[in-house]
Amino acid sequence: MSETWHQHRKHQNREDLIDAGRELFLQHGFPGISVKDVCERAGVSRVTYYKHFESIEDLVFAVQMRVLEHMSEFVQTMDNPQANGASRLRQMLEAWSVYAAENKASMKFILLFDLHYDAYPPEQKLLDRYETFIRSKKEHHFLNAALEAGIRDGSLRTDLHLYETGEFVFTAMMGLLQKLSLSRGINQESGVPSTSAESEPLHTHEQAPTTTFIDAPRQSISKRFIDMILSSLRNQA
């Protein structure tokens with residue numbers, strides 16, 4: 001019984017550290033955050049920290065994987081297995097657009113992570129663990145079921161390669177949504193993302209989910225982009 005309690009406490013400490021790291025990294029970025037900062041936010045000692053993570057980079061990678069999992073789980077819950085594949089895919093991509101608008105800090109974190117570790121590769125052990133995680137996500141991609149259904153029911157092109165198409169859609173959507181997450185506003189006349197000082201102020205905390213947070217120009221850009229993706233995947237008359 002005592003062992004079970006200790007196992008639970010150990011698991012909780014790890015979760016508390018990941019939550020604390022996520023809060024700090026999403027608010028401030030990770031390059032300037034220390035183990036001490038995370039321990040103070042989580043309310044645990046440095047000794048406890050090093051029982052779970054070998055370095056601050058170890059925690060950064062854990063947070064990155066947690067953020068990606070949260071994003072993919074959100075999109076996947078919007079799937080409607082009763083619809084045809086193309087409709088399922090559209091609904092999930094639109095949900096992804098909503099998620100990105102409501103979680104801009106998460107989208108920025110994913111982008112910062114990719115850029116930072118592309119320029120400054122981590123130790124091989126961390127890289128191997130992350131590549132294993134990414135490979136698993138590609139094999140069980142959150143868009144795969146909709147894509148496979150579309151190929152099977154004819155609402156998408158039958159010559160599509162499932163995994164390559166999933167990677168194409170993921171890369172295209174992430175590129176757009178991360179660009180929009182960096183934009184403080186959208187030029188109302190041109191519909192072009194703007195980073196000028198005259199646009200709305202940056203938020204330091206993750207926004208609470210609310211559809212009213214998503215402005216019409218961003219919705220319009222996302223919708224047009226989703227239309228383009230689906231058009232490229234459908235059979236041409």
When you check the gap from the basic side-chain N to the acidic O, do [X] and [Y] get nearer than 4.0 Å?
X      : Y      : result
Arg129 : Asp58  : yes
Asp37  : Arg41  : no
Glu94  : Lys223 : no
Glu131 : Arg135 : no

Rounded to the nearest 0.5 Å, what's the gap from [atom1] on [X] to [atom2] on [Y]? Could you check?
X      : Y      : atom1 : atom2 : answer
Asn80  : Met92  : CG    : CE    : 10.5 Å
His116 : Asp114 : NE2   : CG    : 11.5 Å
Arg22  : Asp19  : CZ    : CG    : 8.0 Å
Ile56  : Lys36  : CD1   : NZ    : 12.5 Å
Lys104 : Leu177 : NZ    : CG    : 12.0 Å
Glu40  : Arg46  : CD    : CZ    : 10.0 Å

Short side-chain to backbone donor-acceptor contact, [X] and [Y], under 3.5 Å:
X      : Y      : value
Thr48  : Val44  : no
Arg157 : Ser232 : yes
Ser222 : Gln219 : no
Asn84  : Ser87  : yes
Thr132 : Asp128 : yes
Tyr49  : Ser55  : yes

Heavy-atom closest pair, residues [X] and [Y]:
X      : Y      : value
Lys108 : Ser181 : CE-O, 2.8 Å
Val35  : Tyr50  : CG2-OH, 3.5 Å
Ser155 : Gly85  : OG-N, 3.4 Å

Are the side chains of [Y] and [X] in contact, using a 4.5 Å heavy-atom criterion?
X      : Y      : value
Thr165 : Leu156 : no
Ser106 : Tyr99  : yes
Glu57  : Phe30  : no
Leu233 : Leu89  : yes
Ile110 : Met174 : yes

What about [X] and [Y], same hydrophobic cluster or not, with Ile/Leu/Val/Met/Phe/Trp/Tyr joined at side-chain heavy-atom distances under 4.5 Å?
X      : Y      : result
Leu115 : Leu182 : yes
Ile151 : Phe168 : yes
Met228 : Leu180 : no
Phe225 : Met78  : no
Leu127 : Leu112 : no

- Message: With ring pair (Phe, Tyr, Trp, His ring centres under 6.0 Å) as the criterion, how do His70 and Phe74 come out once you've worked through the C-alpha distance, each side chain's angles and the decisive distance to 0.1 Å?
- Response: CA-CA 6 Å; His70 182 258; Phe74 177 90; 7.2 Å; no
Expected list for residues 59-69: side-chain donor-acceptor pairs under 3.5 angstrom, two or more places apart:
from  : atom 1 : to     : atom 2 : distance (Å)
Gln64 : NE2    : Tyr130 : OH     : 3.0
Arg66 : NH1    : Glu15  : OE1    : 3.1
Arg66 : NH2    : Glu15  : OE1    : 3.4
Arg66 : NH2    : Glu15  : OE2    : 3.3

- Item | Worked check of side chain to side chain contact (heavy atoms under 4.5 Å, CB included) between Met71 and Met107 | CA-CA 9 Å; Met71 180 185 71; Met107 303 303 290; 4.1 Å; yes
Anything under 3.5 Å between a donor and an acceptor, one on a side chain of residues 138-148, the other on a protein residue two or more places apart or in another chain? List them.
from   : atom 1 : to     : atom 2 : distance (Å)
Lys138 : NZ     : Glu167 : OE2    : 3.4
His140 : ND1    : Ser136 : O      : 3.1
His141 : ND1    : Leu143 : N      : 3.1

- Message: As a quick check of understanding, evaluate side chain to side chain contact (heavy atoms under 4.5 Å, CB included) for Leu126 and Glu54, giving each step before the final call.
- Response: CA-CA 10 Å; Leu126 280 177; Glu54 296 181 3; over 6 Å; no
